[in-house]
Structures are given as structure tokens and as C-alpha cells.
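Every chain is numbered from 1, with letters handed out A, B, ... down the list of sequences. Since we're looking at a predicted model, the values are computed, not measured.
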Amino acid sequence: MKFMSNNWAKIEEKWRNEWEKAHIFEADPDPTRKKFFVTFPYPYMNGPLHIGHGFTATRVDIYARFMRMKGFNTLFPWAWHWTGEPIVGAALRVQKGDPELVKALKEIDGVPEDELRRFVDPVYMANYYTREGKEAVRRIGFSVDWRREFHTTSLEPTYSRFIEWQYERLREKGYVTKGTHPVVWCPNCESPTGDHDRLEGEGVSPEEYTLLKFQYGDAYLPAATFRPETIFGVTNMFINPEAVYIEAKVNGEKWIISKEAAPKLSEQLKRVEVQREFKGAELIGKSFTDPVSRRTLPILPGWFVSPESATGVVYSVPAHAPADWIALKDLVKKPDELRKYGIDPSVVENIKPISLIRVEEYGEFPAVEIVEQLGVKDQFDPRVDEATSIIYRKEFHTGVLKPITGKYAGKRVQEVKAELIEDFKKLNIADSMYDLPEKVVCRCATTCIVKILSDQWFLRYSDPEWKKVAHEAVDSASVFPEEARTYFHDKLDWLHDWACARRTGLGTPLPWSSGWIIETLSDSTVYMAFYTIVKHIRLHGIKPEQLTNAVFDFVFYGKGDGEILAKSSGIPVTVLNGMKEEFEYWYPVDMRVSAKELVPNHLSFFIFQHTALFPKKHWPRGIGVNGMLSIEGQKMSKSKGNFLTLRNSLNRFGADVTRLTLVLGAEGMDDPDWREENAKGIDARLMALQRFVGDLVKLHGGVEAKTVDRWLLSTVQRRVKTVTDALEVMKTRTAAEVAFFELWNDIRWYMRRTEAPNIKVLREVTEIWVRLIAPFTPFLSEELWHFLGKENFVSLAEWPVYDNTKIDKAAEESEELVKSLMEDTVSITKATKITPKRICFYVAAEWKWKAYIEALKKAQAGKIEMKDVMKDLLKNPEIQRKAKDLAAFLSKIIVEINMAAEDLKKRKLEIGVLDEKTVIEEAKRFLQKELNAEISVYNEEDPQKYDPKNRASQSKPYRPAIYVE
RNA sequence: GCAGAGGUAGCCAAGCUAGGUCAAAGGCGCAGGCUUCAGGAGCCUGUCGCGAAGGCGUUCGUGGGUUCAAAUCCCACCCUCUGCACCA
């Protein structure tokens, strides 16, 4: 299974030890240097770190290393998230001996048997994974300052204190409120059932129905609907004659609902006393009164009515509800059934739809039309749902209410819905209840219901004022990639209040209300501030009780008097000031990077809470987002068995290979795909690179500076620029690709081109190269750096600075000339199938260059025509003699120039006349070797030239004529 | 359903925000050659088609349009992926 090549393990261990010995990643405030603070969202410790963590965190580390090399005092801290339910849940499952989990722990996480036994203790489990995780983080070479490591929850009391401070301040500022909230609830577990705790019903969430209270004697028939506006078109009621209904006191009123509805309502803050149970048939044929227009209408049998859904009571609006219309039609066909319930069939036959919504493309009764259009057979036809959804959407978005709806007439359904519900509730003709549109089953096999949690604590992310400030924070930060900015704005708008406390799991208790624990996504929003002070807490053994709110206010807000605080807290004033200065030095966070799945929650909360708790100068400065990693094209999951832990990958491929493979996978919001083949390829590459650089160092060669040398130096500078610019905006893939492959290819070409490479040039280039790859593959780079005889760490070496003066456009063009000459010659030999013995190149005559450059100059202003160029050129007597050839030449050149891009023209003009003859002469031996033929170079006007086929006259600037024989 | 991202040659994947230097970077795979005792090593060449002179033709999800010129801009359509909450 192990794949790692030769010596990676040794190299990696060596440099890791060296780094740790020298403490080079421990960063302390240094007012003389600019700081840079990067963070990675601490990972949740219910399992080992996996390659997905590795992807994001590698990007963070690359950025940290890049900024460090650029001279910033860079801090990259690390911590562990223990808050939440799953660790506790997993421990419980271990205790129960859940075979699936035990298998995964053993086989995927690689937990040894004797450790596994102790996993019944969630804290042990969290500790275990934290230990393992730290080892992986060290091994992959993240440049972390470990003095600031911590984990969350009350098991880290000083952190808990910080969280308490945070929540008390949030509450004071009015960002925390109390309210009620519907959740999917498991009556057995007595807790909310999140998506991943379900056997069935993934993605199903509570939906709110409006209950319209129709009068039935001294009781109410609360009919459930999403479309209360349709009450104006009610014609009858449907009750399932086969289902069991009950009569109950609900908050003191007498309600008739399905048997199943009663327990649901009692979980939704309603007092329900069941008084009597009976078959739905009992109601059929009776009548009820509609509370709006006081009409008396019949109750009809509706077998399609599900007692499982909401109240099991349905009112009928045949004009706008296809299901109702089709149900009525069905009844008309069953007069005998009707008679059985004592209903005169004529009653049903006489029911006429009542239209209340006007909608484009439909007439008075949209439901009737759609039923015909789709050819719906009966109430059990699956197309009923389709018809319903078409009409519902159409009417909701474009429907306008008719005069029959009274005060709502003329308005769009969409606009008045909320208002109408409100009004109806005030008039006590409506109520509401939640229900699940589909069945949800908890992992414990119990069917879930909706429960309304009362006394729930919320963070008021719906607050428009708060949102506004959060938007501002997003706008004031750098966002990489830039496209993610809109994504943030969208999500900030979309977020509503967030229940920030739970009853179970690990965490920090809510300071002001016992029995609540601050929920996991809510205790991880501004903890980066804690990184700045935890070092002091450890160093001076500060106790949690010493960390009073006043102490935090002093450190984070500069509030209060240090001397007084020192007395009250027992923390020496120097330490207090040290913490304050440290916070003020490092804050704000300069860069936080995560996968895009965290944008709608964690990263948005991170922004929200920073704006709530900190002044503008401490708002986040940079946010990076990246895609989600898949494995061999598949979403990574333990159950699929394609779960790759970081440790596993490190064991098999080593740190550098893992890092580079990950980072070459994708950038921006694209999802990277981990492929083992790629990792193997990278391994081979890095090995080759090690050898290649090794060989370069050993080379002997000339020192004469030729065009190729200038070309290489120039090209390398361009690479420096590309890599640097890409890294600045977190385009880590582009940067790695250029630093490794493109630059390598440049050097390779140079080696091929030169017989005796210029060792001074090579040395310069290699030293740049090793530094460019250092953020990506720090271990190998460190090794190579020392191989080059350097005494310092490449991790701390100065990042190569783009040197404009080394750019040599003429040298670049010259090299292009050599390449294209080769290509063209090969193309000719291929087309003619000649095996060349002799090749002649004829460079363009001086007058052609003059004409070419003149044309370029004229073309600066825009399109050029023959006569414009011609006129001026002919003033020159030398050219005048060539007038005939000039016309032919110009006609070709002008078309090309007119088609060329602006910057190309500019570039060519800047270069001026290129001494093609010298360039080709310099490359002659190379061309001879490559083309395997005798090479001659002539100026086209050279009287001595060998040109049997008269090719020479075809030459153009940058396009020497070629003759092959 | 709502929102976001994306469809590029055998595969992965750049380029497309500033249209021309794009038959389209780079990697992988494949084919051929060289080097090597050997090699999951290295080097070179080719990898849309045609071509007896550096050329031509046809490609960048589909169909239209704008332009002297479009993978790149506009419109319509088809398809794929991701998120949608109290949970890490």
C-alpha cells in the first residue's frame, strides 16, 4: 500500500525537526514589522482529519508561507472544535456497539482496538482525534504556531470564559433574543433531528399551514391550507369517511381534527384534550358555515384526504384547486355513494366553482382548465399534483384577486398573503400549525414530528440593521475568488434568526440560562481573537475565573484601567497589557479560508459577529473560499469507503506530494478531485525535480551572456510575476502550475538550446525557482535550498521580487523566432517528405524592416491602407528603387498588421529592428543538431547567397524565408 | 421549487472579467524514437482532418445574433453539480 518514494520521509522529518528546533513559525508581536494573520476554521474532532481538510488548510499554509517570505510577520494558529452533538452521539453508538460505526472507526480511522474501547467516553474520543490530528498537521508541514493551540467547550475553561464574555456582550447589545421555533423532533430521543440523524426524509423541513376555522355547530373544523386567500371560493368541505377523527378542546375551543393531528398540535404549544373519537363518516352530509361570507355549505366524502397530513380537514375550492375540482367530478359519478351518506346527488351536481383569482392565460376557472388540459382521470391520478403545482405557482406569482375578496381585491396573491393571514388570525378565523410534507424517520427508527421549541435563544441574523452592517463588512474585505462576494451577499440576506443554544452535546453553557449549551456554529465565530491571548494564558497560568468580562473588555476594547483590573483579577498589569498589545497587534484577521459549504453558515456568522462585537478596524480583511474535494470523482464518504484520511495520505505519499497534488486539483470555487494517479505522477515529478536541480548545481559551463541567457532571465522574471500575482489572490493552482511546470519547461528548453549553459544564469534562476516552489513543497524546497549551499531556511527566505529591468523583449522575440523557424522547417519537411541535408534561411532585407516598422507606426492610430504607408516610404530614395517589390510586400504586411492585436503591434514597435541574422547564427549549431542538416543564414539581398529556388524574396520581418533540400 | 457554479480536444484542466499573438497552456494517457544492465526514471517527436514548402479545412454543450474578427460579447434552449438551516 505504501507508495512514498525514496527519501521523502527522511527529508520531511529532518526539516520538520529543524523548523521546530528553531521555532521559526512562532510569531510574536513586532511593531517594526507588518503583520499577517491567517486562519483556518478549526476542524471538528469526531474523526480524523481527512484530505478535504488537507486541501483547504494547505491553501491556508501556502498563503501563510508566501506572506512570510514576502516579509510579513505571519501568524498561523490552530485549534480544535469539540462543541456539539456528534462526538457525544458517536461515543454512545460505540457504547451500544454499533457495528457500522465500529467498523468505520477501525478500518477508516485506523483506531486500534485498545483505544476503541475507551471511545465510550466522548472526551477521550475528542482527545484521541485531537492528538492524531495534531500529528497530521505537523507532518504535512503547516507552519503553525503551536503555542496557541486549544480546543473548545467547558473542558477548556479559559476558552469557555471567552465564549461567555462573547455571549454576554452580544446579549447586551441586543443581538440575542428569546423566541419560539419549529423543529423536526424525535419524540423518542427528545431532541431535534438534523438531516444527518435521519433514516428517511433527508432535506424535509417543517411547513406552516394556515388553519381556517369553519364553524360546525359549537365546534370548529380547522381546515389546513397553504392558500388561505381561497376561502372566498370555498364550496364545500372534504372529510375522509374512513379515517378516525376526534373532538377535542384545543386551547379551550372545540375542534374537530384527525386523530393523528392531536399529538402534533400538543407539541406546538397548544393545549389539547381529546374528548371523543369517531369515524369521519359521521360528518359526511352535514353542513358547516364559512366564517367570511356566512354561507352554509355541505361536508362531502373525500377519500383522498390524508389524516396524516395537518388536521385531516380540507376545504374545497374547485375554481382554483385541481384536486378539489376532480374530487367533485368523481362524486358526481357516484350518486349511490352519496346517497349512502344521505346526500342528495343534486347537491353535488349543483356545486359551481367560485372564481376569486384572475390569472393570465386562464379563464374563470383555472383548475377546471388544467384538469382538462392534462387529462387528469380522477382524484388518485398522480397528475393531480402536477396540476396543483402549476396552478399554485401561476396564481401565486401572477394572480390578482377579484372583487369577491373585498379589501384584498386588485392585489397580487403574493403581496397580500401575509397580510391576509394576519387579518384572519386577528379575527380568530385562522390559526396555524406546522407539519412535515414527507415522512421523516429518526436514526432511532422513530417517526418524527414537528415540535415548537419555546424559550429558544436566537441570534438575530434577520435584523435588517445588522444585515446592513454585515454587507458593509463583506464589501470592505478582500474576497477570493471575487465571485464569492455575491455569494456572501446573497447568503447574508437569506439568513434568518439562528437558534444559538441547544440542550445536549458538548460546549459552553449559556451564561445566563442554565440547561442550555451554546450551539456549535455559534461558539466559533470570533474565537480568532482568543488565539492572540491564549499564549499568555498558558505562559502565566491564568485561571478562568481571573478572566472576568472586564478583563476581556480591557484586552479587546481597551476599556478600563489596567492597574485596577490587575488588582481585581490578580493578573499582573504587565500581562494584561501584553495581552492587549498582542490582540491589537494581530487583529484583525487578514485571511480566513474555508470550503464554500461554510459560506451560508460559518463564514457568514463570522462576519456578522465581528461586526457586532468589534469596531470596524477589527473586521475581517480577507476571506478565501474554495471548492469541495471529491475522491476519484466521487463525493468522499465513510460509507462509500472512499474516505482518505490525511494521515493515510501522508503515510503513502508524503507531505510534499500530498500538498502539491491537492493544490493542483483546483482553485476558485471549483471542486478539486483527488486522484491517486495524480499523486503518483506528482511523486515521480518531484523526484525528477530533485535530481534535476541536483544536476544543475553540478554543471560546468560558460559565462558569456548570449541572447538565450537573456531570454531565460527575462522569462523567469515573467514567471515570478505570474506566480506572485496569482498567489496574492489565492489562485494557488495557477501559481503552483506555473512555478512547477512552466518554469521547469523554460529551464529545460534553455538546457536544450545551449551547449554550454551559463552557470551564473542557471544559478540565479535555480535560486529563484526553489523559492517560488517553497510555499507548495516546503520540505523538498528546504532540502534543495541547502543543496544550493544556503545556510538559512528557505521558509524564511525573501520571496523573489519581480525585476522589470531583466525583461528583454527582444531576447524573447528572438527565441520565438528560433522556435517558429524550427516549427516551420519541420512543417515543410513533413509536407514535402524531404529528409533535409541542407537548410537555408534568408532574413528580410533592411528596406522591408523599414517598411514594416513604418506600417506599424501608422497602424498605432488604427487601420492602415496601402497608400498611407506607401506615400511616406517612397520619399526614401533607397526604398524608391524597390517600389515594385514594396507594393507586393506591403499588401501582405498590411493585412497582417490590421488583423494583429494592439499590444502585439505595440510590442513589435518597441523592439524595433530585430537582428535576425545574428540570432539565427547564435542558434545555428542548435538548429543543425535539432534539424540534423547543414544550416546557412543569408540576408535576402546577399549577392553570395545560395538560393536555387528563389525563396529569399519571400522573407518578411519575423518570418525568414526557408529553403530545404 | 429557490439560489449558486459549470459544460473546452481520449481524460483532467487553463483560457473566457479587458474579442484578434487560439488548433486553443499545462498535466495525464496513448504512439514512435533516443538513452539505459535495468527501471513506476530521463530526453525528443506526434496525438482533429487533409496537405509534394511554412498552407488549408473543421472544432470549444445546442441553436441563433452582434462584429472585419468569438471558446471569449448578447439571446434562447439542453444537460451536470452544489447548498437550502438549527447541523458539523
Worksheet item: If we take the P atom in both C22(B) and A71(B), what is their distance in whole Å?
Response: 13 Å
Discussion item. Categorize V964(A) for me: base, sugar-phosphate, or nothing, with a 4.0 angstrom heavy-atom threshold over every strand shown.
Written reply: base
Discussion item. Checking contacts here: which listed nucleotide (G26(B), A52(B), G42(B)) is nearest the side-chain heavy atoms of T832(A)?
Written reply: A52(B)
Worksheet item: Who does A31(B) pair with, Watson-Crick or G-U, both distances under 3.5 Å?
Response: U45(B)
Worksheet item: With a non-hydrogen cut-off below 4.0 angstrom, is A666(A) in contact with a base, only sugar-phosphate, or nothing?
Response: nothing
Worksheet item: Once you round it to whole Å, what is the distance between P of A25(B) and CZ of F741(A)?
Response: 16 Å
Discussion item. Without decimals, in angstroms, what is the distance between R675(A) CZ and G29(B) P?
Written reply: 13 Å
Fill in: Worked verdict on L664(A) versus F740(A) for side chain to side chain contact (heavy atoms under 4.5 Å, CB included)
CA-CA 10 Å; L664(A) 283 172; F740(A) 280 89; over 6 Å; no
Practice prompt. Could you measure between the two C1' atoms, the one in G64(B) and the one in C50(B), and give it in whole Å?
Written response: 30 Å
Worksheet item: When we call it a touch if two heavy atoms are under 4.0 Å apart, what does S205(A) touch: a base, just sugar-phosphate, or nothing?
Response: sugar-phosphate
Discussion item. I want to confirm an ordering. Mapping E965(A) and M628(A) to their closest nucleotides on RNA chain B, which one lands closer to the 5' end?
Written reply: E965(A)
Item to complete: Check L743(A), D725(A), L772(A), T722(A) against V738(A) for a side chain to side chain contact (heavy atoms under 4.5 Å, CB included) and give me the one that passes.
Response: T722(A)
Worksheet item: For G83(B), does OP1 or OP2 lie under 4.0 Å from any side-chain N or O of K635(A)?
Response: yes
Discussion item. With a cut-off of less than 4.0 Å, is there a side-chain N or O of R753(A) near OP1 or OP2 of C43(B)?
Written reply: no
Discussion item. Can you check the distance between C73(B) and U17(B), where both ends of the measurement are the P atom (answer in whole Å)?
Written reply: 4 Å
Worksheet item: Taking the side chain of A831(A) as heavy atoms from C-beta outward, which of G83(B), G51(B), G20(B) is closest to it?
Response: G51(B)
Fill in: Complementary nucleotide for A76(B) - Watson-Crick or wobble, under 3.5 Å
U62(B)
Discussion item. Under 4.0 Å, counting only non-hydrogen atoms across every strand here, what does D490(A) touch: a base, just sugar-phosphate, or nothing?
Written reply: sugar-phosphate
Discussion item. Under a 3.5 Å cut-off for both contacts, is A9(B) paired Watson-Crick or G-U wobble with anything, and if yes, with which nucleotide?
Written reply: none
Item to complete: Output the single nucleotide from A25(B), C86(B), U21(B) whose closest atom is nearest the side chain of E742(A).
Response: A25(B)
Item to complete: Step through it carefully: locate the ring centre of Y392(A), locate the ring centre of F226(A), and say whether they are under 6.0 Å apart.
Response: no
Worksheet item: What nucleotide among U21(B), G54(B), G27(B) has an atom nearest to a side-chain atom of I828(A)?
Response: G54(B)
Worksheet item: If only side-chain N and O atoms of R748(A) are considered, is one of them under 4.0 Å from the OP1 or OP2 phosphate oxygen of C43(B)?
Response: yes
Discussion item. Side chain of H181(A) only, heavy atoms from C-beta on: which candidate in G42(B), C86(B), U21(B) is closest?
Written reply: C86(B)
Worksheet item: Any idea which of C86(B), G20(B), U45(B) is nearest the W498(A) side chain?
Response: C86(B)
Practice prompt. Look through every strand shown and name the nucleotide pairing with C50(B) as Watson-Crick or G-U wobble, where both distances are under 3.5 Å.
Written response: G55(B)
Item to complete: Check whether any side-chain N or O of N745(A) sits under 4.0 Å from OP1 or OP2 of A25(B), and answer yes or no.
Response: no
Item to complete: Looking at every strand, decide which applies to R907(A) at a 4.0 Å heavy-atom threshold: base, sugar-phosphate, or nothing.
Response: nothing
Worksheet item: Can you tell me how far P of G27(B) sits from CG of L664(A), to the nearest Å?
Response: 11 Å
Worksheet entry | Test salt bridge (Lys or Arg N to Asp or Glu O under 4.0 Å) applied to D746(A) and R753(A), R752(A), R718(A), R719(A), the passing residue | R719(A)
Worksheet item: Any donor and acceptor pair, going by atom type alone, linking the side chain of K467(A) with main-chain N or O of D493(A) inside 3.5 Å?
Response: yes
Fill in: Interatomic distance at P, A18(B) relative to C12(B), whole Å
29 Å
Item to complete: Please state whether the phosphate of G4(B), meaning OP1 or OP2, lies under 4.0 angstrom from any side-chain nitrogen or oxygen of R485(A).
Response: no
Discussion item. Without decimals, in angstroms, what is the distance between D673(A) CG and U80(B) P?
Written reply: 19 Å
Worksheet item: Can you name the one residue among E815(A), E816(A), E910(A) that meets salt bridge (Lys or Arg N to Asp or Glu O under 4.0 Å) with K809(A)?
Response: E910(A)
Practice prompt. Give a yes/no answer on whether the side chain of R733(A) brings an N or O atom under 4.0 Å of OP1 or OP2 in G26(B).
Written response: no
Discussion item. Testing the basics here: between I920(A) and P960(A), what is the closest heavy-atom pair and its distance to 0.1 Å?
Written reply: CD1-CG, 4.1 Å
Worksheet item: Just by distance, do the side chain of T525(A) and the backbone of F605(A) share a donor-acceptor pair under 3.5 Å?
Response: no
Discussion item. Considering every strand and a 4.0 Å limit on heavy-atom distances, what is the contact class for R959(A): base, sugar-phosphate, or nothing?
Written reply: base
Item to complete: Mind calculating the distance between CD (E483(A)) and C1' (A5(B)) to the nearest angstrom?
Response: 9 Å
Discussion item. From CG of L492(A) over to C1' of C84(B), roughly how many Å is that when rounded to an integer?
Written reply: 15 Å
Worksheet item: For C68(B), what is the paired nucleotide under Watson-Crick or G-U wobble rules, both distances under 3.5 Å?
Response: G20(B)
Worksheet, complete the sentence: Note: for P960(A) and T734(A) on RNA chain B, the residue whose nearest nucleotide lies more 5' is T734(A)
Discussion item. Starting the side chain at C-beta, find the nucleotide from G51(B), A52(B), A13(B) nearest to S827(A).
Written reply: G51(B)
Practice prompt. Could you tell me which nucleotide pairs with U82(B) by Watson-Crick or G-U wobble geometry, both distances under 3.5 Å, or answer none if nothing does?
Written response: A3(B)
Discussion item. Rounded to whole Å, please give me the gap between CZ in F841(A) and C1' in A53(B).
Written reply: 13 Å
Worksheet entry | P gap between U59(B) and A9(B), integer Å | 14 Å
Worksheet item: What does E737(A) touch in the nucleic acid at a heavy-atom separation under 4.0 angstrom: a base, only the sugar-phosphate, or nothing?
Response: base
Worksheet item: Tell me: NZ of K956(A) to C1' of G54(B), nearest whole Å?
Response: 10 Å
Item to complete: Scan D903(A) against the nucleic acid and name what it touches under 4.0 Å (heavy atoms): base, sugar-phosphate only, or nothing.
Response: base
Fill in: Partner nucleotide, any strand, of C37(B) [Watson-Crick/G-U, under 3.5 Å]
none
